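In this chain, residues are counted from 1 in sequence order. No hydrogens, no waters, no symmetry mates; every other heavy atom, side chains included, goes into these values. Nothing here was measured: the structure is a model prediction, and the numbers come from that model.
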Amino acid sequence: MYLFVLSVFIRFNLRPIAGFRYQEFMELADIDSTLIRHLPFSYAKRFSLLPVRKEDGAVIVASSRPDDFQPIDDLRHLLNSPVRPIFMEEKSLLDLINRVYHEAANRDEGTMVIEDVSEVEETRDLLESDDEAPVVRLVNALLSKGLQKRASDIHFEPFEKDARVRFRVDGILHDIQSIQKGLYPSVVSRVKVIAGMNVAEKRLPQDGGIRVRIAGKDVDIRASTIPTSSGERVVLRLLDRERVLIGLEDLGLQTEMLAGYGRMLAKSHGIILITGPTGSGKTTTLYASLASINSSEKNVLTVEDPIEYQLKGIGQMQVNPKVGLTFAKGLRHILRQDPDIIMVGEIRDRETAEMAIQSALTGHLVLSTLHTNDSASAVTRLVDMGIEPFLVSSSLIAVMAQRLVRILCPRCKEAYEPTEDELALLGISKWSVVSGQGSVTTGHRPPATDHYSFYRKTGCDECLGTGYLGRKGIYELLEVDDDIRKVILNGGDSMTIRAEADKKGLKGMMADGADKIMRGITSVEEVLRVTQEE
């Protein structure tokens, strides 16, 4: 094999480096991206080679196939320069190729096109296209950049004189760029083509979606359009299918609350509800809960809209209102599949609520979500839907309310001394911070230490200048015990239920947020931002 490779290098005047040097890993900073401008992504990926940099009058080329000499020779002619190959393992090299072209696409506004490949057996990578249409390049560059910046949503918003694009990162919208008013209709049409919508229909709201691949990552895109006075407004939800599903211990639950929630999940029947506004991480908590109790001895089924994570060993059903498959109807049919654990994506109406309660009363553990501000309000919400209080008290095990707070960027956060006003807003006294003895107003007991460090945001390139990088949850867990059941049976409202829970030491979201502030995880203003309605 060595002699064969050597003969190839002699034939094509290729000079190996130090006996065909093996390169195990390479950083993006080591790559001269100008060398790939005339090399199609599809070619680099197909033949598993990548120009790295110029050195001593030759171009160093990473390759995983030393016996495939023709593509290397073609590259020599394309670059009009001698080439010197180094060898990398194919998996490492393909990953590097994806990252290099992804970075180049973001920097140069992209050179790729999206195709509807939902029916194709193998999803084609967007970077493999050579479509030069400006609108196509713009849309795909925004998708690629959105994925790179960890955006959950991309907003296209028309106004009188122009249109703007915004990314939602860690729950907050950021302006990205403006689009000329004359170009904007073409951008909307391109998005509609991607998402399988009716391009000609501009008077009615539309929904669509597609699965694409960007730089080797499979991404589900959910699209929504609505007509406005200035044009159609578009929102794209990006769901990275390769996103790692986190476990319960990574959600941010404090030790005591995590243990209590684990006990609730271990029960054989009843309803556990996760509550909070849209975008508060309820679905992530549901998935983490399912993953923690899933086993080969249990039949776990879900009905969702949409399916955001693929869970191994769990049967997942997608709601489809167009064919009459609603949450209630899906749940009714799931009960005929002999389930042990059922997850309902959301309880939206009385019919779904009645089916969920009936499932719980007949020996199933049911997990679902509700849109309420706190844990106690979930009870009154079910009653308002028309569910009898005795059914709620008989079936409900626990309610966990939550919000998401942004995590301070570890690279740029700075320590500071909080004011007494800031501490008072959180129900923390200066004495509790110094002594670690807790706060009377919140019932909160900080971690046992002699001093706590408070941090605030500053901003750097790593966190897009926001001062925050990523999110964690703050929670309150209401366990429905005998005393709470009595309050529900007597028709108690949310305030009465909350008062009874406070007697038993309910730790509210504000107190949980205060704990995370004193641990240096988040800031005072961030906790106040998400809990100010309490």
Test item: side-chain donor near acceptor, [X] and [Y], under 3.5 Å:
X	Y	answer
S64	S48	yes
Q402	T285	yes
E304	Q316	yes
D95	S92	no
E160	S230	no
S289	Y261	yes

Within the 4.5 Å heavy-atom criterion, are [X] and [Y] side-chain neighbours or not?
X	Y	answer
E89	L93	no
V52	D32	no
R381	H371	no
M343	Y287	yes
K145	L143	no
V135	L183	yes
L96	I31	yes
M355	L335	yes

Would you find more than 12 non-hydrogen atoms of other residues, nucleotides or ligands less than 6.0 Å from [X] atom [atom1]?
X	atom1	value
E201	CD	yes
D384	CG	yes
H269	NE2	no

When you look at E351 and R332, which way does the salt bridge (charged side-chain N to carboxylate O under 4.0 Å, His left out) test go after all the steps? CA-CA 10 Å; E351 186 181 8; R332 184 178 295 111; 3.0 Å; yes
What are the two closest heavy atoms between [X] and [Y], and how far apart are they?
X	Y	result
T284	L251	CG2-CD2, 4.2 Å
P205	P227	N-CD, 3.8 Å
L248	S292	CD1-OG, 3.4 Å
S375	L478	OG-CB, 3.6 Å
P339	L301	CB-CD1, 4.0 Å
A360	I271	CB-CG1, 3.5 Å

Under a 3.5 Å distance rule, please check whether [X] uses its side chain to pair with a backbone N or O of [Y] as donor and acceptor.
X	Y	result
T369	G345	yes
T275	L370	no
K472	D250	yes
D512	Y475	yes
E526	V405	no
Y184	F156	yes
N294	K312	yes
T228	R233	no
S224	V235	no
S144	N140	no

Separation of [Y] [atom2] from [X] [atom1] (nearest 0.5 Å):
X	Y	atom1	atom2	answer
K202	N198	NZ	CG	10.5 Å
L404	D170	CG	CG	9.0 Å
S280	R471	OG	CZ	9.0 Å
I179	L138	CD1	CG	5.0 Å
L236	L142	CG	CG	9.5 Å
K516	L408	NZ	CG	13.0 Å

side-chain contact (heavy atoms from CB on, under 4.5 Å) partner of T302, chosen from L367, L290, I342: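 Per the side-chain contact (heavy atoms from CB on, under 4.5 Å) rule, the option paired with T302 is L290, out of L367, L290, I342.
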Taking 4.0 angstrom as the limit, do E232 and K192 come out as a salt bridge?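 Looking at K192 together with E232, the answer is yes, because their closest N to O distance falls below 4.0 Å.
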Criterion salt bridge (charged side-chain N to carboxylate O under 4.0 Å, His left out) on R456 and E525, from CA distance to verdict: CA-CA 9 Å; R456 61 188 172 194; E525 64 178 328; over 6 Å; no
Yes or no on side chain to side chain contact (heavy atoms under 4.5 Å, CB included) for T225 and M197, after CA distance, side-chain angles and deciding distance? CA-CA 9 Å; T225 68; M197 299 181 187; 3.7 Å; yes
Determine, stepwise, if the pair R190 / V136 fulfils side chain to side chain contact (heavy atoms under 4.5 Å, CB included). CA-CA 7 Å; R190 178 58 190 164; V136 170; 3.8 Å; yes
Go through the steps to decide whether L50 and M88 satisfy the test side chain to side chain contact (heavy atoms under 4.5 Å, CB included), and finish with yes or no. CA-CA 10 Å; L50 178 70; M88 294 180 64; over 6 Å; no
One pair to check against side chain to side chain contact (heavy atoms under 4.5 Å, CB included): R222 and L239. What are the steps and the verdict? CA-CA 8 Å; R222 298 199 336 253; L239 301 171; 3.5 Å; yes
Could you go through R350 and E354, starting from their C-alpha distance and side-chain angles, then the distance that decides it, and tell me whether this counts as salt bridge (charged side-chain N to carboxylate O under 4.0 Å, His left out)? CA-CA 6 Å; R350 177 177 178 176; E354 288 177 341; 2.8 Å; yes
Looking at residues at least two apart in the chain, or sitting in another chain, which of them share a salt bridge (charged side-chain N to carboxylate O under 4.0 Å, His left out) with D305?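 D305: salt bridge (charged side-chain N to carboxylate O under 4.0 Å, His left out) contacts with R348.
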Let's go through D153 and R237 carefully: what are the C-alpha distance in whole Å and the side-chain angles of both, what is the deciding distance for salt bridge (charged side-chain N to carboxylate O under 4.0 Å, His left out) to 0.1 Å, and is it a yes or a no? CA-CA 4 Å; D153 302 85; R237 169 65 58 89; 2.5 Å; yes
